[in-house]
Structures are given as C-alpha cells and as structure tokens.
Amino acid sequence: MKDSMNYSLKKKLEEGNVVIGSFIKAANPALIEILGMSGMDYVLLDMEHGPVSMEKLEDLIRAADAVGVCAFVRVAGQQESDILHALDKGPGGVLVPMMNNKADTQKIVKYARYSPIGERGIDIYSRAARFGYISKTDFFSRANRETLLAIQIEGEEGANNLDEILSVDGIDIVYVGPYDLSQSMGIPGQINDARVIDKVKEIAKTVAAKGKFVGVYVDDVETARLYAEAGVQFISISVDVRIFAEACDSMVQAFHGKDV
C-alpha cells in the first residue's frame, strides 16, 4: 500500500515549505470540505476547546480525507486515552496542549509512538490501520514514520524548559499558543504585542536549530506572513467560526452601505 495522503504534509515541511490551516470548532464536515477545497494544507480539529466528540471525530477525519486535506487533532489533554483514541481514528497528526517540561514530553512520546520509540497501545483493526488492510509490521513502522506529533508550548514555563523538551526524540512540531503565552507574560490576549512576537520568534529560532518544525496560531494573514518570514512553517490562521462571522459581518456592513 502506498504512503498515506496525510504523509504529504510531512513531506512538504521536510522540503522547507510553509503549510497553512485553520482550527475547526463547529464540528461540521461541510466546513472541513470547504477548507480543503480552498487549498488549505490541513485542518486542526479542536477537542480541547471545541465541541468535537470522539464519536464525531472519525467522520470529520473522513471528510478531510475526501478532499485531500490533512486532518490534525488537538486532543483535550495529556491523558493516554486522549491521545490513543484520537490516533486510532487515523489523522495525519495530533497536537498535545500545555507542554511544560521534559517528563511530560517523554510521556507523550510513549503514548503516541509504537516500539521502539514508544509504547502506543496496539489496535491493528482501527481506522488508522485501515481496519486490518495494512499488515501488522508495515502499520507500526508507517505510523511512526508518517504521523506527525506536535506539542504545544503555551506559557513561559514551557518556553524556559524548551532545551530539555527538545532533547526528547519523537517530536516533530513545537507549536506555540500565543494567547496562553501572552497571559503567562502578564499581557493576556495581546498576541500582537512586540513582546509576544519576539518571544515566539525566539522559540522558533531555538526549535529550528534542533531540527524540529515550528507551529503557531495567528488571527490574520499579515501576522502569518510575519512568522513565515521568521522561519515558522506550520501556521494556523483563524478559526472556522470566526471566518464565518467575519464573512457575515462584511456582508451585512456592505448591504447597509457601511465601510467594510
């Protein structure tokens, strides 16, 4: 069986390309299809702050597969069950929130990777294993090779422990959550403040020097370009519900003759 479609995202990153996507909170397959048709590289299904249930997740990933966009899952937490159940649905990768130290990172790798890297629980009949259509030997090696594992640095504690976090093998992407980072810096919500931007750039430089990919969330395209120029390759621009809200605002204001 050929490499999975989701593997193309990792290849793009390895080739030095910047990939963009958006967070999905509405848990609506149609929105995922639309984002995929628009040319987005990935969708980030949010199980931490969004209403995406484990039962719904598999169908959302199917919607992404149908239009050739990589499905990434931000899991609810660092519990083994959060990570294992999400991975069994067959996404292109998972994003684990609130990573602060080396011990937590080692634990996540253990849960997300198969031997010899980790100890991920085995289900050879899961959707990730194509319900048994991938041979056992091929599945374990493919899963370790193709599935992207991202950890989220969301506060100064994680930023201060970045070197020890990066010493752990098995991580592909270090993703910066600027809102929580801004809160930990005493300026909550001010993600375009120069201090936050400089901190993200500092993290990006450190991560890139260790041969890992850097990810970040932004509210707008202008900030996305700024971070892309700073070496960030995995960029999440806005959220499905906000994109829809802005489109609605623009339509209403245009109808009433107001400046858009």
Testing the basics here: between [X] and [Y], what is the closest heavy-atom pair and its distance to 0.1 Å?
X	Y	result
Ala27	Lys56	O-CE, 3.0 Å
Tyr227	Lys201	CE2-CG, 4.5 Å
Ile61	Val73	CD1-CG2, 4.4 Å
Ala86	Leu57	CA-CD2, 4.0 Å
Ala224	Val218	CB-CG2, 3.8 Å
Val67	Ile32	CG2-O, 4.2 Å

Given Val43 and Ser22, is the side chain to side chain contact (heavy atoms under 4.5 Å, CB included) satisfied, shown in steps?
-> CA-CA 5 Å; Val43 290; Ser22 292; over 6 Å; no

Are [X] and [Y] packed together at the side-chain level, in the sense that at least one heavy-atom pair is separated by less than 4.5 angstrom?
X	Y	result
Lys110	Glu80	no
Leu44	Tyr175	yes
Ile24	Leu35	yes
Val75	Pro97	yes
Leu149	Ile108	yes
Val214	Val174	no
Gln233	Val19	no
Met98	Gln152	no

Does the pair Leu9 and Leu148 meet the rule for a side chain to side chain contact (heavy atoms under 4.5 Å, CB included), with working shown?
-> CA-CA 9 Å; Leu9 187 78; Leu148 286 160; 3.8 Å; yes

Taking [X] first and then [Y], would you say they form a salt bridge - that is, a charged N and a carboxylate O separated by under 4.0 Å?
X	Y	value
Asp65	Arg127	yes
Glu202	Lys199	yes
Asp172	Arg113	yes
Arg242	Glu246	yes
Arg62	Glu58	yes
Asp46	Lys25	yes

Got a second to check how far [X]'s [atom1] is from [Y]'s [atom2], nearest 0.5 Å?
X	Y	atom1	atom2	result
Glu157	Met99	CD	CE	11.5 Å
Asp180	Glu156	CG	CD	12.5 Å
Leu60	Leu31	CG	CG	10.0 Å
Gln183	Glu154	CD	CD	10.5 Å
Thr105	Glu164	OG1	CD	8.0 Å
Ile237	Met40	CD1	CE	6.0 Å

In this structure, would [X] and [Y] fall into the same cluster of hydrophobic residues linked by side-chain contacts under 4.5 Å?
X	Y	result
Val200	Ile187	yes
Met54	Val52	yes
Val168	Tyr111	yes
Met37	Val69	yes
Ile197	Leu162	yes

Between Tyr114 and Phe139, is the ring centre distance below 6.0 Å?
->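 Here the rings of Phe139 and Tyr114 have centres that are less than 6.0 Å from each other.
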
Ring centres under 6.0 angstrom apart (Phe234, Tyr42) |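 Phe234 vs Tyr42: aromatic centres under 6.0 Å.
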
Side chain to side chain contact (heavy atoms under 4.5 Å, CB included) evaluation trace for Ile173 with Ile151 = CA-CA 6 Å; Ile173 300 171; Ile151 56 171; over 6 Å; no

Side-chain donor/acceptor of Asp41 to backbone N/O of Ile20, under 3.5 Å |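 Confirmed, Asp41 side chain pairs with Ile20 backbone.
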
Side chain of Asn17, backbone of Leu13: donor and acceptor closer than 3.5 Å?
->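 Here the side-chain-to-backbone pair does not exist.
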
Determine, stepwise, if the pair Leu45 / Arg74 fulfils side chain to side chain contact (heavy atoms under 4.5 Å, CB included).
-> CA-CA 6 Å; Leu45 310 174; Arg74 178 162 73 174; over 6 Å; no

How about [X] and [Y]: does a side-chain donor come under 3.5 Å of a side-chain acceptor?
X	Y	result
Asp88	Tyr125	no
Thr223	Asp220	yes
Asp123	Ser126	no

So among Val196, Val232, Val216, which one has a side-chain contact (heavy atoms from CB on, under 4.5 Å) with Val176?
->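 It is Val216; the other options fail the test.
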
